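Comments concern the structure below.
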Amino acid sequence: MDEKNIDGPKPVNFIREIIDEDLKMNKNSGRVHTRFPPEPNGYLHIGHAKSICLNFGIARDYYGLCNLRFDDTNPSKEELEYVESIKEDVRWLGFEWQDREYYASDYFQQLYDYAISLIKKGKAYVCDLTGEEIREYRGTLTQPGKESPYRNRIVEENLDLFTRMRNGEFPDGLRTLRAKIDMTSPNVNMRDPIMYRILRATHHRTGDNWCIYPMYDWAHGQSDSIEGITHSICTLEFEDHRPLYDWFIEQLGIHHPQQIEFARLNLSYTVMSKRRLLQLVEEGHVTGWNDPRMPTITGLRRRGYTPESLLHFADRIGVAKRENMIDVALLEDSLRNDLNKRAMRVMAVLRPLKVIIDNYPDTVEELDAVNNPEDPAMGSRKIPFSREIYIEQDDFREVPPNKYFRLSPGNEVRLRYAYIIKCVKVVKDDKTGEIVEVHCTYDPETKSGSSQSQRKVKGTIHWVSVNQALNAEVRLYDRLFSVEDPGGDDWKNSLNKNSLEILNNCRLEINLAGAKPENRYQFERLGYFCVDYDSSIERPIFNRTVSLRDTWAKIEKS
RNA sequence: UGCCCGGUGGUGUAAUUGGCAACACACUUGACUCUGGAUCAAGGAAGUCUAGGUUCGACUCCUAGCCGGGCAGCCA
């Protein structure tokens, strides 16, 4: 029911209900056309992924279209680097916009012409108030504003002044073009909002062609209209802007898309605002936008997330108008769900403890191991076994706690895909008392798959042969913040100081040699891991994407 | 002390649009297991913000409150 494919059940939400109704009424002649309109001033995060899935998903399910449109109306904040990263991220998620890659800046001339027509209709005027004055005249949330003394300039003067603004005759910030609406409106957005500001900044697409730039409210709705968008889906904070969105379009008498707002995604134990993410990057709390701890799409990708898991997650969280806080556990569940079915199993020891099997001959034996018990089609592989192996330090306890069924003195345990061994001796460092190695004996009759192998032991542990191991670095990640909701001004105080742990002495199954960045595996009993971009043949580096569910950790805790 | 939006288990999202609350995650228990994984089974958990009203019947409609969020960039 919760598995979704093209022919399966579609997610239900209030936006799709509106569209269903529109279709029933034959609104827009049955057309459905959405758009994803990022501002290229930062990297996309998982909240954007929700929006991408919503917009592109609706287009797909209703046989419509979804445009990719960059809302690039503020050249002082926007950069080409971000445009490229956004395209890369959307594509990686699996969505296509064909030739419909648009930019609000493509419409600067059209917007300018629209503005002229509004001036001619007496619906817009050039205002000479300073920024400070504009704020004063705007009034407050509870008090109405005052009309600008420039509000009643005649059309000719407005036309002349606006043309000269565009021609660069005035310094930055000297004048603005404002819509003439209602300074007493209870909705502050309707108090003669600014349409254009004078700003000399080189735009990443239009260069120095313009020295006036449209504001969001003036650019966005008209861009939607120009593109023939039918449903303009945005987040809740634009709800108060809808009357203005509608006003501009009605004054212009152009195609009227319907703006619909939904609640943005909030994920526990992380922050989602671009401003804060940028701060984490700039202040060095993370290594970059693609740090595997970041909730950015590029970060999640480097961490080892699959596009499919993100898509599934987006379906599961739903779409509504109420504020929400999604438990990261749901994200992790979506990931495990996906990786469980497709990740190749492999053995790796993160914190090695040497085990010597005293009665095992000095040879190397090749054992069969299943690549993925969930998918027989993935086949099997050979893994080398020998007299000396590494096991996880955690899998041996000199004094085993209650219900511990791994290795301990006098106890038996199965080595996955190999034999049952019994611990006969513990060797410690004279000085530190630290356990340096453990001696065991094996039972040759218990080889995996053999007739005698039916003997049952409580535990099975993973291992890696000492002389046939790959040395590697493994990076363990934890949540970036130690509190569920790091809101407030002191949000940085709740940064988790232990969000990254680097292990330098890990031993991996030799079959992992040559693994490429982004390749994903399950390290048996540990979790899902992927090859990091920093990895090299000489120095393999793996990221822990997410651990496996760990029932023992729960038992031990309680 | 203005305007806009919202309020269903711990967290999300549903409820044939007025017919007696479901699904997922999380949690608990058990089965199974050569991954303490996966899988399977069972269970606890909201009576739908409150108070009135309409109705045979209200999570759905009405009224009044309460609580939460957003809005006063020449940002988007």
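If you're wondering where the values come from, they're calculated on a predicted model, not measured in any experiment. In what follows, every chain begins at residue 1, and chains take the letters A, B, ... in the order their sequences are listed.
- Atom P of nucleotide G6(B) and atom CG of Asn266(A) are separated by 18 Å, given to the nearest angstrom.
- Checking the phosphate oxygens (OP1, OP2) of C3(B), no side-chain nitrogen or oxygen of Thr142(A) falls inside 4.0 Å.
- Within 4.0 Å (heavy atoms only), Ile555(A) reaches at least one base atom of the nucleic acid.
- Using the six-membered ring where Trp is involved, Tyr360(A) and Phe385(A) have ring planes that are perpendicular, over 60° apart on the 30 and 60° scheme.
- Between U11(B) and C74(B), the two P atoms lie 38 Å apart (nearest whole Å).
- Between Phe529(A) atom CZ and U35(B) atom P the separation is 18 Å, expressed in whole Å.
- Here Gln522(A) lies in heavy-atom contact (under 4.0 Å) with a base.
- The salt bridge (charged side-chain N to carboxylate O under 4.0 Å, His left out) test applied to Arg416(A) returns Glu524(A), not counting sequence neighbours.
- Comment: Asp394(A) does not engage Arg351(A) in a salt bridge, judged by the lack of any side-chain N to carboxylate O separation of less than 4.0 angstrom.
- With C1' as the reference atom, C59(B) and G9(B) are 14 Å apart, rounded to whole Å.
- Comparing the P positions of C62(B) and A26(B) gives a spacing of 38 Å, expressed to the nearest Å.
- Applying the 4.0 Å criterion to OP1 and OP2 of C75(B), one finds that Arg197(A) has a side-chain N or O inside that range.
- Look at U17(B): it lacks any Watson-Crick or wobble partner with both distances under 3.5 angstrom.
- Residue Arg151(A) places its CZ atom among more than 12 non-hydrogen atoms of other residues, nucleotides or ligands, all under 6.0 Å distant.
- Leu199(A) comes within 4.0 angstrom of nothing in the nucleic acid, heavy atoms only.
- G12(B): Watson-Crick or G-U partner is C23(B), with both key distances under 3.5 Å.
- Here Ile326(A) lies in heavy-atom contact (under 4.0 Å) with sugar-phosphate atoms only.
- Stacking of Tyr216(A) onto the six-membered ring of A76(B) is not present when judged by under 5.5 angstrom between centres and under 30° between planes.
- Along RNA chain B, the nucleotide nearest to Asn13(A) and the one nearest to Ile198(A) differ in position, and the one closer to the 5' end is contacted by Asn13(A).
- Taking the nucleotide of RNA chain B with the nearest heavy atom to each of His220(A) and Asp333(A), the more 5' of the two is matched to Asp333(A).
- Taking Ala320(A) as the reference, nothing meets the side-chain contact (heavy atoms from CB on, under 4.5 Å) condition, with sequence neighbours excluded.
- Within the nucleic acid shown, Tyr404(A) comes within 4.0 Å of at least one base atom, counting heavy atoms only.
- Asn324(A) has its CG atom 11 Å from the P atom of A14(B), to the nearest Å.
- Residues that satisfy the ring-ring contact (aromatic ring centres under 6.0 Å, His included) test with Tyr112(A), not counting sequence neighbours, are Phe162(A), Trp210(A).
- Glu323(A) comes within 4.0 angstrom of sugar-phosphate atoms only, judged by non-hydrogen atoms across all strands, and of no base.
- For residues 176-191 of chain A, proximity to RNA chain B is found at Thr176(A), Pro186(A), Val188(A), defined as any non-hydrogen atom under 4.0 angstrom from a strand atom.
- Between His45(A) and His48(A), the ring planes are tilted. Angles from 30° to 60° get that label.
- Between Arg135(A) and G73(B) there is a side-chain N or O to OP1 or OP2 distance below 4.0 Å.
- Residue Arg322(A) places at least one side-chain N or O closer than 4.0 Å to OP1 or OP2 of U8(B).
- Across all strands, Arg175(A) comes closer than 4.0 Å to no nucleic acid atom at all (heavy-atom distances).
- Surrounding NZ of Lys321(A) are more than 12 heavy atoms belonging to other residues, nucleotides or ligands, all under 6.0 Å away.
- Residues His220(A) and Arg35(A) have side chains that bring a donor and an acceptor to within less than 3.5 angstrom of each other.
- C32(B) makes up no base pair with any nucleotide shown, lacking Watson-Crick or G-U wobble contacts both under 3.5 Å.
- A donor-acceptor contact under 3.5 Å links the side chain of Asp240(A) to the base of G70(B).
- Salt-bridge annotation for Arg381(A) and Glu509(A): present, with a side-chain N of the basic residue lying under 4.0 Å from a carboxylate O of the acidic one.
- If you take atom P in A31(B) and the same atom in G18(B), they sit 48 Å apart, rounded to whole Å.
- Heavy atoms of Lys554(A) sit under 4.0 angstrom from primed sugar atoms or phosphate atoms, though from no base atom.
- Looking at residues 70-83 of chain A, you'll see Asp71(A), Thr73(A), Asn74(A), Lys77(A) sit with a heavy atom under 4.0 Å from some atom of RNA chain B.
- Spacing between C66(B) and G19(B) at atom C1', rounded to whole Å, works out to 29 Å.
- The pair Lys77(A)-Glu39(A) does not meet the salt-bridge criterion, since no charged nitrogen lies less than 4.0 angstrom from a carboxylate oxygen.
- One C1' atom belongs to C5(B), the other to G43(B), and the distance between them is 38 Å to the nearest Å.
- Among the atoms of the strands shown, base atoms are found under 4.0 Å from some heavy atom of Phe405(A).
- Using cut-offs of 30° and 60° for the angle between ring planes, the Tyr43(A) and Trp289(A) rings count as parallel.
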Exercise. Using a 4.0 Å cut-off on protein heavy atoms (strictly under), produce a 5'-to-3' string for nucleotides 43-50 of chain B with B for base contact, S for backbone-only sugar-phosphate contact, and - for none.
Key: --------
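- The backbone N or O of Trp552(A) lies less than 3.5 Å from no partner atom in the side chain of Glu556(A), so there is not a single donor-acceptor pair.
- In this structure, A51(B) and U63(B) make a Watson-Crick or G-U wobble pair, each of the two defining distances being under 3.5 angstrom.
- Between Arg336(A) and the phosphate of U35(B), there is no side-chain N or O to OP1/OP2 separation shorter than 4.0 Å.
- Spacing of P atoms, G52(B) relative to G44(B), comes out at 30 Å, to the nearest Å.
- The backbone N or O of Asn158(A) sits nowhere less than 3.5 Å from a side-chain atom of Arg153(A) that would complete a donor-acceptor pair.
- Of all nucleotides present, none satisfies the Watson-Crick or G-U wobble test against G44(B) with each distance under 3.5 Å.
- Contact check on Arg455(A) versus Glu412(A) returns a salt bridge, with a Lys/Arg side-chain nitrogen under 4.0 Å from an Asp/Glu carboxylate oxygen.
- The shortest distance between the side-chain N/O atoms of Arg138(A) and the OP1/OP2 oxygens of G73(B) is below 4.0 Å.
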